[in-house]
Amino acid sequence: MIIMTIFLEVIREFEKKWQKKWQEDQIFVGKIDHSRPKWFITVPYPYASGAFHLGHARTYNLGDIYARFKRQRGYNVFYPMAWHITGTPVLSVSWTIKNNEEKAWETYRDYVGIYEDDPKKIDEIVGTFVEPQNVANFFSSTILQDFLNLGFSIDDTRQFTTGDPDYNKFIEWQYGILNEKNYITKGSYPILWCVNDKNAVGEDDIQDGDLLKVEVSEFVGIKFKLNSGTALVAATLRPETIFGATNVWIHPEAIYNEIMIDGEKWIVSEEATMKLSEQEHTIEIIRELKGKELVNEEVTVPITNWKIPIYPAMFVDTDHATGVVYSVPAHAPYDYAALVDLQNDDETIENYNLVRDSLSKIIPISLIEVKGYGEFPAVELCEKLGVQSQKDREELEKATQTIYKDEFYSGIMKDNTGDFKGLKVEQAKDAVAEKLEKVNLATTIYEASERSFCRCGGQVIVAVLQDQYFLNYGDSEWKEQAFYALKNMEIIPEKYRQAFENTFHWLDKRPCVRKRGLGTEFPLTKGEGWIIESLSDSVIYMSYYTIVRTIRQNNIKPEQLKPELFDFIFRDKGKVEEIIELTGISKDLLMEMKDSFEYWYPNDFRHTAIGHLSNHLSFAIYHHVAIFPEKYWMQTISISEMLNRFGQKMGKSKGNVIAMGHIPRKYSVDLTRLHLASVATVDTVLDWREDEVNFAKQRLRKFWEYATSVTKISKISEEDFSFPSKVLISSVKTNLKKAIERIENFNARDFVLDGFYSNVRAIDEYQKIAQHLPEKERNTILREIIEKIIATMSPVIPHICEELNERMGDKEYNSLKQIPDIVISYQDELYALEAKFMANLIEDIEQIVKLVKTKPKKIHIYINAEWKNELYKIAQEIFEDEAFKISKMMNAVKENSKLSKYMKDIANEAKLMMKDPTIFRIEMLSSKEQEEAIMGYKEFIIRTFDKAEVLIHLADEKDIYDPQNKAQKARPMKPALLLE
RNA sequence: GCGGGGAUUGCCGAGUGGUCAAAGGCGCUGGACUUAGGAUCCAGUCCUUAGUGGUUCGGGAGUUCGAAUCUCCCUCCCCGCACCA
């Protein structure tokens, strides 16, 4: 037995050896070959802004297993790889490194440290990251090496990055077609915006953006007219509560602006003026004023036309929406708390000369009926949660959330809400806003859901961009085509199809240009600095694999890549002579590209992680239908779930990362591949646990030991193997056949379970049962089945299989060897059933031995009378689909000459069958076959039970030894036992 | 909230109408090997019992000869919801 660490060292050694050979002989480079069916698989090209980890490895590992399997099943497989670098991430790496952000440096030192030991060199490399290109270069080369180190059978001669100038031409061409088809539209759109950069910001750009999850919120700004006619604009998420407004709150000490906005006079906070100016308004500041100047004035409530006063409140946040709030104490906890505070606050009343009388007259106005609450939900909840004052923000927040939810979903508008009475709050909310907007008493105001700041320090607000370009995924024709494409696609696992459909349904306009990040310049606004957003770089890029090598090898210049050329290659448009004329590219090269595309496309299989479903994958389907003829649309999408470690998603902040670059040393490649593929089904989150890896390691080692013990055994054909050997061979065959069927359906897990683990177990079993057999036979058998296993399991553990294949004297690459079809004969099935029968029988004996606690000297095995098999067979036929009935059984038996003589026994038997109708619904062996099986395992039974004598009795025979009358109790597949 | 996916025996996790008391692993228990082992190997692991019995698959109701598997209701958990790739 070899010690574990040595075992891993051994296999790591030849893992490297084989990777080098594969690489040198370029055996995975895709070549056109019309004699074989092609199979083009893609797994998303990596985003080259950081190191990859085990979670990524899961996705790529599955892709590689599928690729290798198809390759070994006669397909000409094309499995290329490229690099995504466009968008903001690579740029923001450079940016943070350039700014000497300590956290970024730390992160990137870690990443680089995966590949480099010397701290000085690490710093040097990280230092180069100030140039985005260096980031992309570093990570594309290290990740590629990681992939090759994991034995991935990729074609690395098709590499490109999405930032390459020739690729930019390709994307430009794509947008030309989208524009031609009117899938690009223009409009205004609210986005998160940094006031400092004057730029759109995403989660990456916001400080703690991943935690804050800042979104655009849409408020309704309601115009409360002052007597002067100027509108005090209060922003709300709940316009329906306008009927319960009792007063307006304003921050007395803050600065407000009176502004002329789109021809109207408004008063809003100073901050709001700035924000509104970014939201498609023309604004002129008329004057500045302090909040307290408005206190005690009256405003008119829209719709009801009531006059309500303006009161001071310190809780008003002028940097939130408009800095003006209308008070609905019946339904808004904050308002209620503030009102009570104010009514009891003599100092403030005095300071601002409030009229005590009218203030104390203010009482909540209820306008929503909601189950589980009385007249004034806010009042109730404040009391319940023990709110003392407006300063109890935590309780107030909770109360607000609760009421919002309860009222929104189960509230009904009361009689005092005019036209809206009886409406559900859910509906009234929009209806009231709509009515207000119609009479120009309300307008939409956007605000960020959280107060947040850009990494540059600037505040994040919501801006409305005009003339923003969108991809119109809502276009009915486009959508329809996408649905049509989806319908004809295979989705694995099928359960995700629904998610695609839902995504397609809600997909609508999506902004497609940005001012920041790397990428292709937007062709419709050349020179204005607009970049095509980066997801558009990753939706039809698979087609570029088919031509990129020709472009690079022949030094074709980006400017030669005219749209007409792409049309010619990808859409079969135009004449070759015209393209030669236009681009100056030779006919040979043009046709090489066109042939390559037409040979490899469509993308037969795309495997990816689930996170891409609602965006990348959906867009990929959309863009394919827009750009390519139908025969080139994607065929299959396969999805796998995420990977966890210690119950959490792998992430730097969690400290649970296993870097992809560390896998070969930490475990071994084949070990990792095996375990990744087999520990969970693709649609469940995989939890990586070291102690479970250990199991895989042990089994792998065991397999290795079995295999290496027989690599030198020469094959001899020996017809007359003993029973256990025959059982082993057919069970291995059966397992492998099952395994192949599994992986044909892209079920890698069961492929490993059936093809590997079950077979190792079968060999274990054989070793025990076959101890008494001649060594020569055992070794020959072992050698034969090991050969079968390495041929089939190669897609998962290619290195070990390759090595064993060589050691067994085969000069060909195992990775290119065909996995043969396996034919299971009737005889094989019989052996399998016999083995199962024996396992049950031995278990029964063991159970009894355990219970009686004495070692038997004799084991009598009684095999059922053959007529019982007949009886069961008949029962199976009659009661296939209905309840067992004794009378029906007996009637059927009466007609049967073989059975009619046992009527009395059958009656007993029928009672048992009545009691447990499953006993006859089984696969059976005849009495003879049962006997044969027991004979085959006799030696083993004797050995297992300490040399007990094994005596087999057939119930059909006369004068058998049966002191306890057991023979009649024997059932098919369930012999009766007597231990003495 | 909307949409999707789930809930299985101590834990993880298979299983989608009949050998299902339910694969496999982990953990635990016992044994072997060993100076020792938290290394490795073997065995056991719902309760009961000379095996063919009982109670289980989130809770409740139903369909069926038969349900972990199908239907309905309830409770709880996870994921996505766009300008981030």
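Naming: A, B, ... by sequence-line order, numbering from 1 per chain.
- Taking atom C1' on both nucleotides, B:rU19 is separated from B:rC72 by 31 Å, rounded to a whole Å.
- Within the nucleic acid shown, A:Ser678 has no heavy atom closer than 4.0 Å to any nucleic acid atom.
- The separation of B:rU55 from B:rC74, taken at their C1' atoms, amounts to 24 Å, rounded to a whole angstrom.
- Across the P atoms, B:rA68 and B:rG58 are found 10 Å apart, a figure rounded to whole Å.
- Both A:Leu978 and A:Phe884 sit near RNA chain B, but only A:Leu978 has its closest nucleotide nearer the 5' end.
- As rounded to the nearest Å, B:rG62 and B:rU56 have P atoms that lie 15 Å from one another.
- Residue A:Met642 is classed as having no contact, given no heavy-atom separation below 4.0 Å to the nucleic acid.
- Within 6.0 Å of NZ on A:Lys479 lie more than 12 heavy atoms contributed by other residues, nucleotides or ligands.
- One side chain, A:His616 or A:Arg606, offers a donor N or O that lies under 3.5 Å from an acceptor on the other.
- Across all strands shown, A:Asp750 has no heavy atoms under 4.0 Å from either base or sugar-phosphate atoms.
- With both ends at atom C1', the span from B:rG25 to B:rC79 equals 26 Å, rounded to whole Å.
- Within a 6.0 Å sphere centred on CD of A:Glu880, heavy atoms belonging to other residues, nucleotides or ligands number 12 at most.
- Evaluation of atom-type donor-acceptor distances gives a pair under 3.5 Å for the side chain of A:Asp844 against the base of B:rG51.
- Base contact: A:Glu880 has a heavy atom under 4.0 Å from a base atom.
- Contacts of A:Leu192 with the nucleic acid, taken as non-hydrogen atoms under 4.0 Å apart, are absent.
- Heavy-atom contacts from other residues, nucleotides or ligands closer than 6.0 Å to CD of A:Glu690 number more than 12.
- Here A:Thr684 lies in heavy-atom contact (under 4.0 Å) with sugar-phosphate atoms only.
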